[in-house]
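These notes concern the structure reproduced below.
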Number of protein chains: 2
Amino acid sequence: MSKLTTQRQAILDVINSSNRHWDADELTRSLSDAGKPIGIATVYRGLAALEAQGLIHSIQLADKKRYERADKEHHDHMVCTQCGHIEEFSHQTIEQLQQAAAHEKNFKLTGHQLVMFGLCSGCQQE
Amino acid sequence: MSKLTTQRQAILDVINSSNRHWDADELTRSLSDAGKPIGIATVYRGLAALEAQGLIHSIQLADKKRYERADKEHHDHMVCTQCGHIEEFSHQTIEQLQQAAAHEKNFKLTGHQLVMFGLCSGCQQE
DNA sequence: GGCATAACGATAATCGTTATCACTGTGGTG
DNA sequence: CACCACAGTGATAACGATTATCGTTATGCC
Ligand SMILES: [Mn+2]
Ligand SMILES: [Mn+2]
Ligand SMILES: [Zn+2]
Ligand SMILES: [Zn+2]
């Protein structure tokens with residue numbers, strides 16, 4: 001298991017201190033702005049290490065990967081195609097039905113990602 | 001509405017003549033091998049045009065986009081993380097519950113993508 | 001036939017991510 | 001304490017998928 005270096009702790013702190021879904025570049029800039037400059041390669045390696053240790057979670061969007069804190073219950077995401085806002089939701093029955101569907105196809109499930117696209121409540125006002 | 005040129009018809013024919021999920025490069029090579037060389041940029045533009053017209057569908061995987069025929073009932077995908085095999089499944093209840101979840105968050109749903117990761121039946125035999 | 005226009009194709013550019021590599025910090029070991 | 005091993009760092013090159021550019025080509029219409 002890799003170690004929790006100063007840089008990785010700093011990344012983890014930023015992520016854990018908010019409910020945002022961060023990309024690598026945003027984290028790099030946030031740390032720079034906070035007076036803790038960090039190499040972009042270090043950010044990518046740190047994110048991979050932190051995720052491997054289960055300390056953060058990620059969602060793979062069309063263009064890039066976004067990371068969020070891991071200390072929340074499992075949830076899936078609705079992404080606003082207008083403003084990029086990410087809404088979270090949990091649905092226990094959907095989770096169960098996924099297991100059932102996998103079982104039926106003889107598929108050994110290790111993970112899943114459900115992303116819904118559309119307009120957030122704010123963006124419907126126009 | 002863009003036109004269905006010779007090149008786009010050729011792309012559509014390849015996709016419609018199989019149940020595979022194609023990426024741009026595979027299509028380019030397939031057409032070349034069939035004696036119908038086509039520029040890679042033309043493939044990308046053609047795929048975008050065909051999808052905009054609803055003639056093909058796509059799924060966005062981590063690294064690349066894959067295209068498939070649109071003349072099948074809506075379904076979601078299980079992707080084998082070992083061999084890349086893509087298994088399809090439909091689940092009416094999951095679809096309905098997604099609508100309900102969106103409604104509950106005041107989210108105007110326009111699309112979704114559910115991908116399950118794991119091992120296909122073949123890859124569990126080891 | 002001549003024109004307008006959309007599409008084509010070669011290729012440059014873009015962008016997120018990973019690989020390389022010289023260098024640094026840390027944690028044992030003698 | 002001095003020395004080593006080695007994972008991690010950071011600048012930067014490389015990569016791969018996709019998009020932009022731009023001169024050329026095909027098509028439909030007058
Ligand atoms: Mn989330
Ligand atoms: Mn499919
Ligand atoms: Zn929005
Ligand atoms: Zn498999």
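In what follows, chains carry the letters A, B, and so on, assigned in the order in which the sequence lines appear, proteins first and then strands, with residues in each chain numbered from 1. Since the structure is predicted, the reported quantities are computational estimates derived from the model, not experimental observations.
Here B:H112 and B:H74 bring their ring centres to under 6.0 angstrom of each other.
Residue contacts for B:T6: at a heavy-atom cut-off of 4.0 Å it reaches no nucleic acid atom on any strand shown. Counting any heavy atom pair closer than 4.0 Å across all strands shown, B:R8 reaches sugar-phosphate atoms only and no base atom. Counting any heavy atom pair closer than 4.0 Å across all strands shown, B:D63 reaches sugar-phosphate atoms only and no base atom.
At whole-Å resolution of the value, CD1 in B:I38 and C1' in C:dA7 are 11 Å apart. With rounding to whole Å, B:I11 atom CD1 is found 13 Å from C:dG9 atom C1'. Atom pair A:E26:CD and C:dG16:P shows a separation of 10 Å (rounding to whole Å applied). Rounded to a whole Å, the CG atom of B:L31 is 10 Å from the P atom of C:dG9. If you measure from atom CD1 of B:I40 to atom P of C:dA10, you get 11 Å, rounded to the nearest angstrom. Computed from coordinates, the A:L4 CG to C:dT26 C1' distance equals 15 Å when rounded to whole Å. For B:L27 and D:dA17, the CG to P distance is 13 Å, given to the nearest whole Å. The distance from atom CG of A:L47 to atom C1' of C:dG16 is 13 Å, rounded to the nearest whole Å.
Other residues, nucleotides and ligands place more than 12 heavy atoms under 6.0 Å from the NE2 atom of B:H75. Other residues, nucleotides and ligands contribute more than 12 heavy atoms inside 6.0 Å of the NZ atom of B:K72.
A:D33 and A:R29 are not joined by a salt bridge, as no carboxylate oxygen comes within less than 4.0 angstrom of a charged side-chain nitrogen. We find that B:K105 and A:E88 are not joined by a salt bridge, their nearest charged nitrogen and carboxylate oxygen being 4.0 Å or further apart.
Between B:T42 and C:dA7 there is no side-chain polar atom (N or O) within less than 4.0 angstrom of OP1 or OP2. Neither OP1 nor OP2 of D:dA7 sits under 4.0 Å from any side-chain N or O of A:K3. Between B:T5 and D:dT27 there is no side-chain N or O to OP1 or OP2 distance below 4.0 Å. OP1 or OP2 of D:dT18 has at least one side-chain nitrogen or oxygen of B:Y44 nearer than 4.0 Å. One finds no side-chain N or O of B:Q7 lying less than 4.0 angstrom from the OP1 or OP2 phosphate oxygen of D:dA26.
Nearest-nucleotide assignment on DNA chain D puts the 5′-proximal partner with A:S2, out of A:S2 and B:R45. Between A:K64 and B:P37, the one whose closest nucleotide on DNA chain C sits nearer the 5' end is B:P37.
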